[in-house]
Q: 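I'd like to ask you about the structure that follows.
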Number of protein chains: 2
Amino acid sequence: MPDSAIRPRKEFGKTIAADITHRLREEIIACALPPGEPLRFDVLRERFGASFTTLREALTALAAEGLVDAQEQRGFRVAPVSRQDLIEITDARVLVEVELIRRSIQRGDDDWEIAVISTLHRLKRIEQRDPEHPLRDPEWKIAHRQFHQALVSACGSATLLAIRAELFDRAERYRHLSANFRPRPRDKAGEHQAIMQAAISRNADLAVQLIETHIRSTADNVATYAAHLLDTE
Amino acid sequence: MPDSAIRPRKEFGKTIAADITHRLREEIIACALPPGEPLRFDVLRERFGASFTTLREALTALAAEGLVDAQEQRGFRVAPVSRQDLIEITDARVLVEVELIRRSIQRGDDDWEIAVISTLHRLKRIEQRDPEHPLRDPEWKIAHRQFHQALVSACGSATLLAIRAELFDRAERYRHLSANFRPRPRDKAGEHQAIMQAAISRNADLAVQLIETHIRSTADNVATYAAHLLDTE
DNA sequence: CTAGACCATATTTTCGAAAATCATACCGTT
DNA sequence: AACGGTATGATTTTCGAAAATATGGTCTAG
């Protein structure tokens, strides 16, 4: 029996507000709600079936995450994109992720190694099964997120992990932005494999270098293929 | 004519929700609302004169900043404190602030130098005038915040500045926590002066080292004098 | 023809009542 | 006495109406 049979309203989290926050976040990251799009209450009300104030709570939370732009007395809109913002997010990600990889490699135990290996394995399975544009596949997105999450999960700082997760989401939105115009994805599978091996063999310097390249080349890709969307701001 | 004559409701920001977010943030940082304190709506309603939903919006925003703990279906409370949390905030601050100081020293122009010098000057003036417990003085708090803000203001990344500001607020709460038990403040004035000089003379390595010591010794102080508040968790 | 004031409409923001949920005390049963 | 279920009160969460504010267009004066 599919549990969708008993799905009255809420799916993620117990409150409607938390659920809508989650759904809105996903739609913004996937660019189903395009950057700069005004978020008017009557439209959202129809789309999500919630009241003004519940929607307002969700939008306020997303504004704090940097995915929504709150313009006082003039409503909300999806956070706009810009080349500068992409650069800042990339730099911040490198700064944080490099530190967390180092800490994880130093502190990671058996469970951490297992998590890294198994999340990569699942990611590769999904890529085999369906070797085309991966960002269109929700399962690939989840598996990709979980692999990168696993890599840093042993760092020991919930504070830095939360910051990292926020930056990851904001970067993922930019990847979606360029996904429709990118001719063919480069060899991410190979990069992920190499990162995993460096991490498991506790070669921190190599892992750090690979991660930085991974993040920066992804951003370069976005800047190239979404250039027409970044310069019109 | 003082503009307080025409202050019907709002003070900071144009919406009541933004105003209440600001006021709640200040009270939490100052530990006027102590860590772990339940934030019940009828109490807040009386204290701030706003409705349920407006308060809810403010609390949701503060939860995203890490100052409030949202327990789904069971309300909100002031974020609890712990030794582990203090360590994480301190480490994260060092990571970010060190990077931002470097960038600011490299990129800062004349206006940056002027901002650093003038904010420190104001801070010293306030300290002369009233040499006792500085955290009790709202003016000192603002001046202190502005000096540290000025130091990193030329870094060129609004993204990292926002992260830094959040961590600064969370750290300031811990400083307030121990302020009542600390016998006498150490020589912060001298430290600030040395940091300013290193920054202005573009000695990045020295400035970075001084900032790191500044942050860590402050945290050590908190851990010492607020120990009884951190271990009971 | 332009600038500014004014009105009408669209949209956001706020409110308190009502619904949903949780915590507690009570009661009956074993 | 211990346990489990249930009623009751306390608290949070959600809703749509009402108030506040912005937007866009029209008219008038210069």
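Below, read A as the first sequence line, B as the second, and so on, with proteins coming before strands; counting in each chain starts at 1. Predicted model only: the values in this text are computed from it and were never measured.
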Q: Taking the six-membered ring of B:Phe168 (Phe, Tyr or Trp), confirm whether the NZ or CZ of B:Arg175 is under 6.0 Å from its centre and within 45° of its axis.
A: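 Flagged: B:Arg175 positioned over aromatic ring of B:Phe168.
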Q: Here's a test of your reading of the structure: between A:Ser51 and B:Arg40, which maps to the more 5' nucleotide of DNA chain D?
A: B:Arg40
Q: Testing the basics here: between A:His148 and A:Glu97, what is the closest heavy-atom pair and its distance to 0.1 Å?
A: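 Scanning both residues completely, I find the closest heavy atoms to be O-OE2, 4.3 Å.
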Q: Identify which nucleotide among C:dG16, C:dC22, D:dC15 has an atom closest to any side-chain atom of B:Arg45, counting heavy atoms from C-beta outward.
A: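 Among the listed nucleotides, the one closest to the side chain of B:Arg45 is C:dG16.
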Q: Take the protein atom CZ of A:Phe41 and the nucleotide atom C1' of D:dA18, then report the distance between them rounded to whole Å.
A: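 Roughly 16 Å, once rounded to whole Å.
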Q: In whole Å, what is the span from the CG atom of B:Leu39 to the P atom of D:dT11?
A: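 Atom-to-atom, B:Leu39 to D:dT11, this comes out as 14 Å.
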Q: What heavy-atom pair brings A:Leu39 and A:Val78 nearest, and what distance separates the two atoms?
A: CD1-N, 3.6 Å
Q: Taking only residues two or more places apart in sequence, or in another chain, which ones meet B:Ala79 in a side chain to side chain contact (heavy atoms under 4.5 Å, CB included)?
A: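 If we apply the side chain to side chain contact (heavy atoms under 4.5 Å, CB included) test to B:Ala79, skipping adjacent residues, the hits are B:Arg173.
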Q: Of B:Asp42 and B:Thr53, whose closest DNA chain D nucleotide lies nearer the 5' terminus?
A: B:Asp42
Q: If I compare all heavy atoms of B:Arg107 with all of B:Ala154, which pair ends up nearest, and what's the gap?
A: NE-O, 3.2 Å
Q: Please report, rounded to the nearest Å, how far the P atom of C:dT14 is from the CD1 atom of B:Ile20.
A: 8 Å
Q: Does the cation-pi check pass for A:Arg45 over A:Phe52, that is, NZ or CZ under 6.0 Å from the six-membered ring centre and within 45° of its axis?
A: yes
Q: Taking A:Trp112 for its side chain and A:Leu151 for its backbone only, find out whether a donor-acceptor pair lies under 3.5 Å.
A: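 Yes; at least one donor-acceptor contact below 3.5 Å.
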Q: Take atom CD1 of A:Ile16 and atom C1' of D:dC15, then tell me their distance rounded to the nearest Å.
A: 9 Å
Q: Taking only N/O atoms, report every protein-nucleotides 23-25 of chain D pair under 3.5 Å with atom names and distance.
A:
unit_1	atom_1	unit_2	atom_2	d
D:dT23	OP1	A:Arg74	NH1	3.0

Q: Got a sec? Which of residues 56-70 of chain A come in under 4.0 Å of DNA chain C, heavy atoms?
A: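 By residue number: A:Arg56.
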Q: Side chain of B:Ala50 only, heavy atoms from C-beta on: which candidate in C:dC15, D:dT14, C:dT13 is closest?
A: C:dC15
Q: For A:Lys14 and D:dT11, give me the distance from atom NZ to atom P, rounded to whole Å.
A: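 It works out to 19 Å between those atoms.
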Q: Please give, in whole Å, the distance from D:dG16 C1' to A:Glu46 CD?
A: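 A:Glu46 atom CD is separated from D:dG16 atom C1' by 16 Å.
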Q: With distance as the sole test, does B:Ser153 use its side chain to make a donor-acceptor pair with the main-chain N or O of B:Ala150 at under 3.5 Å?
A: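 Flag set: sc B:Ser153 to bb B:Ala150 pair under 3.5 Å.
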Q: Just compare C:dT13, D:dT14, C:dT14 and give me whichever is closest to any side-chain atom of A:Phe76.
A: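 The answer is C:dT13.
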Q: Which atom pair, heavy atoms only, marks the closest approach of A:Leu86 to A:Ala219?
A: CD2-O, 3.9 Å
Q: So does A:Thr54 get a side-chain nitrogen or oxygen closer than 4.0 Å to the phosphate oxygens (OP1/OP2) of D:dC15?
A: yes
Q: Nearest to the side chain of B:Phe52, which nucleotide is it out of C:dT14, D:dT12, C:dT13?
A: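 Ranking C:dT14, D:dT12, C:dT13 by closest atom to the B:Phe52 side chain puts D:dT12 first.
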Q: If I take atom CD in residue A:Gln73 and atom P in nucleotide C:dT13, what distance separates them, rounded to the nearest angstrom?
A: 6 Å
Q: To the nearest angstrom, how far is A:Leu55 atom CG from D:dT13 atom C1'?
A: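 From A:Leu55 CG to D:dT13 C1': 14 Å.
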Q: Closer than 4.0 angstrom, basic N to acidic O: yes or no for A:Glu99 and A:Arg103?
A: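 So A:Glu99 pairs with A:Arg103 through a salt bridge.
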